[in-house]
Amino acid sequence: MEIKRVIDGVYWLNGKRRTLVTKSAYSDKPVYGEKIFKYEGKIYREWVPYRSKFAAAFYRGLNGVDIRDSYKVLYLGASSGTTVSHVSDIVGVNGQIYAVEIAEEMAVSLVLLSEERKNIFPIVDDARKPENYSSIVPKCDILYQDVAQRDQTGIFIKNSDIFLKSGKIGMFAIKTRSIDVSLEPREVIRNETQKLKSKFDVIKSIDLYPYQKDHSLLILRKK
Ligand code: SAM
């Protein structure tokens, strides 16, 4: 087996097949049933592209993005914490992830996860109302959003205005069908990108098919 670093905490394990993994910053136990690999005394967790849009972006050709050890991340649409747990590996024990989730039943697992992974700060709230958590969340190095709502672009802009440092990266998982089912996905992406252009430089737009249907991940740099 051979290991190749992609970004801090993220690697390709090249064995019989190519597998994306994150180096566990915490325990050697799986978080949500993912496969665990041991390599040269370190623990790696499989990051499956069908379970995470961020992972799918690497399988679709993303080979670098400015997220690294010790970064502060605002994560909107954390759900039970599947992707959050891998972001927790990337930013490591000195990083911070402010994980916002509106659904209480999802947030239960997220809160349990945060008890073990001390770099996760769960916030059970509505990402449409960033003023509710502006006293808790500091200026961040990354804004990651995956909320699948009709007004997702507005939510992203509102949060980035308050929390994202200028020059830093926004990662926006757009679900095109949540915005307009009648339009071609490409057209939805073009319209939404247009709304973002006054505030962001668009670095990449990655179609996540076949791992995630009707989704693209936009990588943006705040002006
Ligand atoms: N990002 C997660 C992952 O990869 O593990 C999956 C996120 S899931 C597709 C979308 C989540 O966004 C759901 O858990 C949903 O409850 C949450 N959500 C939807 N609208 C929201 C809002 N206004 N504020 C916060 N969370 C929201």
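For ligands, and for the atoms within them, numbers begin at 1 and follow the listed sequence. Hydrogens, waters and symmetry mates play no part in the numbers below; they use all other heavy atoms, side chains included.
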Would you check whether Asp125 reaches within less than 4.0 Å of ligand 1, judged by its heavy atoms? yes
Give me the residue, atom name and distance of the protein heavy atom closest to [atom].
atom: atom 20 (N) of ligand 1; result: Gln149 NE2, 3.0 Å
atom: atom 12 (O) of ligand 1; result: Gly77 CA, 3.4 Å
atom: atom 9 (C) of ligand 1; result: Lys53 NZ, 3.4 Å
atom: atom 8 (S) of ligand 1; result: Asp146 O, 4.1 Å
atom: atom 1 (N) of ligand 1; result: Tyr75 OH, 2.6 Å

Identify, by atom number and element, the atoms of ligand 1 in contact range of Ala103, meaning under 4.0 Å from any of its heavy atoms.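 With Ala103 as reference, the close atoms of ligand 1 come out as 16 (O).
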Location of contacts on Phe54 toward ligand 1, heavy atoms closer than 4.0 Å: neither
Hydrophobic cluster membership, Val137 vs Ile142, 4.5 Å side-chain cutoff: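 Looking at the clustering, Ile142 is in a separate group from Val137.
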Check for me whether the distance between the ring centres of [X] and [Y] falls short of 6.0 Å.
X: Tyr59; Y: Trp12; result: yes
X: Tyr11; Y: Tyr44; result: yes
X: Tyr144; Y: Phe54; result: yes

Between Arg5 and Asp8, does at least one N-O distance fall below 4.0 Å, as a salt bridge requires? yes
Does Asp207 pair with Arg186 as a salt bridge, N-O distance under 4.0 Å?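 Judged by the 4.0 Å cut-off on N to carboxylate O distance, Asp207 and Arg186 do not form a salt bridge.
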Can you tell me if NZ on Lys139 sees more than 12 non-hydrogen neighbours from other groups inside 6.0 Å? yes
For [atom], which candidate among [options] provides the closest heavy atom?
atom: atom 24 (N) of ligand 1; options: Ala127, Ala56, Ala148; value: Ala127
atom: atom 25 (C) of ligand 1; options: Leu110, Ile102, Val87, Asn159; value: Ile102
atom: atom 14 (O) of ligand 1; options: Met106, Lys129, Glu101, Arg128; value: Glu101
atom: atom 22 (C) of ligand 1; options: Ile155, Asp126, Thr82; value: Asp126

Looking only at distances, please establish whether an N/O atom of ligand 1 is found under 3.5 Å from an N/O atom of Thr83. yes
Side-chain donor-acceptor pairs of residues 209-219 under 3.5 Å, sequence neighbours excluded:
residue	atom	partner	partner atom	Å
Gln212	NE2	Pro49	O	3.0
Gln212	NE2	Tyr50	O	3.3
His215	ND1	Lys213	O	3.0

Applying salt bridge (Lys or Arg N to Asp or Glu O under 4.0 Å), run through Asp146 and Lys53 and close with a yes or a no. CA-CA 8 Å; Asp146 179 17; Lys53 282 140 213 150; 2.9 Å; yes
